[in-house]
Amino acid sequence: MASTSTGASTDALVRSMANGLSSKMTNASERVQIINDQKEFTQELTSQIERWGLRDAGFDYNIVAVFGSQSTGKSTLLNRLFGTTFDVMDETKRQQTTKGIWMCRGKDTNIMVMDVEGTDGRERGEDQDFERKSALFSLASSEVLIINLWEHQVGLYQGANMGLLKTVFEVNLGLFGKKAQDKTSGRTMLLFVIRDHIGTAPLANLQTTLTLDLQKIWDSLSKPSELQDRQLSDYFDLAFTALPHKILAADQFEKETQILRGRFVDKTNSEFVFKPVYHKRIPADGVAFYMENIWEQVQSNKDLDLPTQQELLAQFRCDEISAVALAEFNEQAKPQKRPIESGKVVEGLGGMMRSWRTMALERYDRDASRYHQGVYKRKRADLIASLDATLTPLFLGQLKNLHKACLGTFKKDILEGLKGEEYNFADVVNKAKAKCENKFVEAAKESVVDDSEEGKADWNWEEELVLLKEEVKSVADQCRKDETKKMVNAIERNFKKQISEPVELALNKGSPNMWDLVLKAFRDTLDKAESTYLSKATSFNCTDDENSHSVAALRLRAWQALRAKIDEQTSDSVFVGRLRSHFEERFRYDEQGVPRVWKPEDDIDGAFKKAKEQTLELIPLYAKIAPVDSSIAYTLPLDAVALSDNSGSANDDPFDFEASLVVLTETKALDLAAKFRKDADLAYVEAKRSTVSSVAQIPYWMYGVLLVLGWNEFMMVLFNPIYFMFLLMAAAAAYLIIQLGLAGPLLSITQTMGGEVKRQAAQRLRQHFSEPVLAQAEAHARSHSLSIDEEERKRNGSSL
């Protein structure tokens, strides 16, 4: 039984060895070594592509390559993803498996897969030439380059092959990057597959680290001059994925590998990697020739060779010399940084910077020029870049400070030039502008470090001058607007003075053509104001739009000034006083302007009613600005209307021209009429009182009665010696008074005293005889006034 078991085991072993040998022979026919370890390109790739059945595939194929350190499971990963048959490493020996570059067709797909020899292998040691060339070849010829690395290699420079990638990127940019790259063709995807990911560091963090490392590498590349502005994203798209440990998490590894395989074979997958933008657009029958040409370019490029010992020494010494020169330069430049940063303009800065730069380069040239010339020149260019990196902020800061200082001088010169009474604004601005720009140009030219043709681009001050000119123009425009505003304000004040008297005179008359006179005076005064503005605006270099805007503003403000004057003349107190004056002129005075002394037989009621009606007719006349002559009617122009519409703020309504024609609203008119009636009633009552006073006066015949009754006493005085003596003395006194010229003063005094006595007597008599009659007259006047008011209200109500 034991022998049977042994025999079975032997047969199984033989069958296994036979199957393995058969498998190897089959595998050998399915893959081809396109570049051997002696750096020779195979001549069998064309026939192998034909055996794969891809010769007539046209563009319906894809190429993928893998790149990474030796013994990181690259071949195993390709076999899992594409069903290829690459040799895998024997885990017990940990030695190199893949030598050169191998290619195999993916199982059941039109994918040509390249397995590239691993980097950092002990078999090649320090010989990194093939590593660089194979990496560059796979990068240039494949659509998707899989970069295989362990999780613990992320963040390492050599472990993650960052140094190698830097060299490859730099050479790839020089060889294949000069053609225009865009977002639609000629790009390559870099797919980072992070192996043995245990999840301690999230994939997002690892992705960020790798992206930053790649960006840092790209930024440090020595790019051709025409490709200085190229970015990593112009040539490569980055993608990241992670796979669990192949042994410790075998099931999860297989599951994630199948998911990753879907991204290569399933075109409906949203993360499908073979996008048209990555395809090289080479027909399948020309792939072999295309790859061979790429390999020849890679082989002939000397930038991939390792530096010689002489170059290494030159690099070391040139770096040391450059560091010393740069340190001395920084010590010289340091004291000038603070004044520049504080906003000061440093006099003679350009000369100082040129001196520092020249001294640093002379120090470097003296000590480094005897080393390898290629390294010496390259490091010299790096030193110049470092020097300029320090000087450029000083130069730009000097320009900014010059900009600020010149602009301040320009503002000051403008203000000084505008202080006088007589000045031409355009001349003031042009003079200040020329002074400002000349000062800036002179100081900016002095600050330039390198004025050669090569250095003009780096030490350009024209852009700052353009910005200064724009700000100068902005300041000048603002000053012009301010001066224009001041001029308009002065014209407006003058307009108010000129329009004040004509408006007052016209409104005081209260005639039917009152508004014709007001508007005619307004238009004549406004025309003069506009002519004054336009004549003065020529010296301001105002544009037609600015002139139109200012004239529109002047028209609007002139109309508002007129309305303010009209409102002043139609205020309640003023308007009621004007109505009262108008009424009194017609009630208290006759047609010849003589004051009336009312008598009982006079028609006071008729005169009162007529004067009152004529006065009340003035209220509708003042209520609205409506000239009799339609040709004189004023309409605010459309530009002024638009300006008034835009002048309204959040709290103020826009100016309404039509509403401004209404001077007295209906409510206000009724209120003013009521106030006027009260004043008119008082005048009527006073007139009635005066008639009563005239009735209470002493009749003239009373004086005749007194003369008759006193005749005897008069004769007694004449014939009595004593009385006659007094009469003679009085006559003598009168004679003396006449001779001395005292008659006039005595007569004046006598008349005054007599008038006062007469007034007192008349007042006493009037009070005695007129009390009952006066009460009756007042009652009659009050009732009559009420009846007239009632008739007026009815008539006004029917008219309204």
State whether a side-chain donor-acceptor pair under 3.5 Å links [X] with [Y].
X: Q299; Y: K133; answer: yes
X: Q215; Y: D219; answer: yes
X: N62; Y: Y278; answer: no

Less than 4.5 Å apart, side chain to side chain, heavy atoms only: is that true for [X] and [Y]?
X: I194; Y: L243; result: no
X: Y235; Y: R230; result: yes
X: M291; Y: L45; result: yes

Plane angle bin for F240 and F192 - parallel if under 30°, tilted between 30 and 60°, otherwise perpendicular: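 Because their plane-to-plane angle is under 30°, the rings of F192 and F240 count as parallel.
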
Mutual orientation of the aromatic rings belonging to F272 and F274 [parallel < 30°, tilted 30-60°, perpendicular > 60°]: perpendicular

Mark yes or no for whether [X], through its side chain, and [Y], through its backbone, hold a donor-acceptor pair below 3.5 Å.
X: W52; Y: G106; value: no
X: K39; Y: G100; value: no
X: T241; Y: V193; value: no
X: N79; Y: G83; value: no
X: H152; Y: L156; value: no
X: Q252; Y: A249; value: no
X: T188; Y: F236; value: no
X: H279; Y: Y61; value: yes
X: D234; Y: Q231; value: yes

Could you grab the distance from atom OG1 of T257 to atom CG of L81, nearest 0.5 Å is fine? 6.5 Å

Check the pair K246 / D196 against salt bridge (charged side-chain N to carboxylate O under 4.0 Å, His left out), numbers first and verdict last. CA-CA 7 Å; K246 178 176 175 293; D196 291 359; over 6 Å; no

Who pairs with N205 by side-chain contact (heavy atoms from CB on, under 4.5 Å), at least two apart in sequence or on another chain?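 Result, side-chain contact (heavy atoms from CB on, under 4.5 Å) vs N205: P202.
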
Would F41 and W295 satisfy ring-ring contact (aromatic ring centres under 6.0 Å, His included), going step by step from the backbone distance to the final call? CA-CA 8 Å; F41 194 88; W295 182 250; 7.4 Å; no

Checking L394 against M353 for the side chain to side chain contact (heavy atoms under 4.5 Å, CB included) test, could you report, in this order, the C-alpha distance in whole Å, the side-chain angles of both residues, the deciding distance, and whether it holds? CA-CA 9 Å; L394 296 178; M353 292 193 298; 3.9 Å; yes

Y376: ring-ring contact (aromatic ring centres under 6.0 Å, His included) partners, not counting sequence neighbours: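 Residues passing ring-ring contact (aromatic ring centres under 6.0 Å, His included) with Y376: Y364.
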
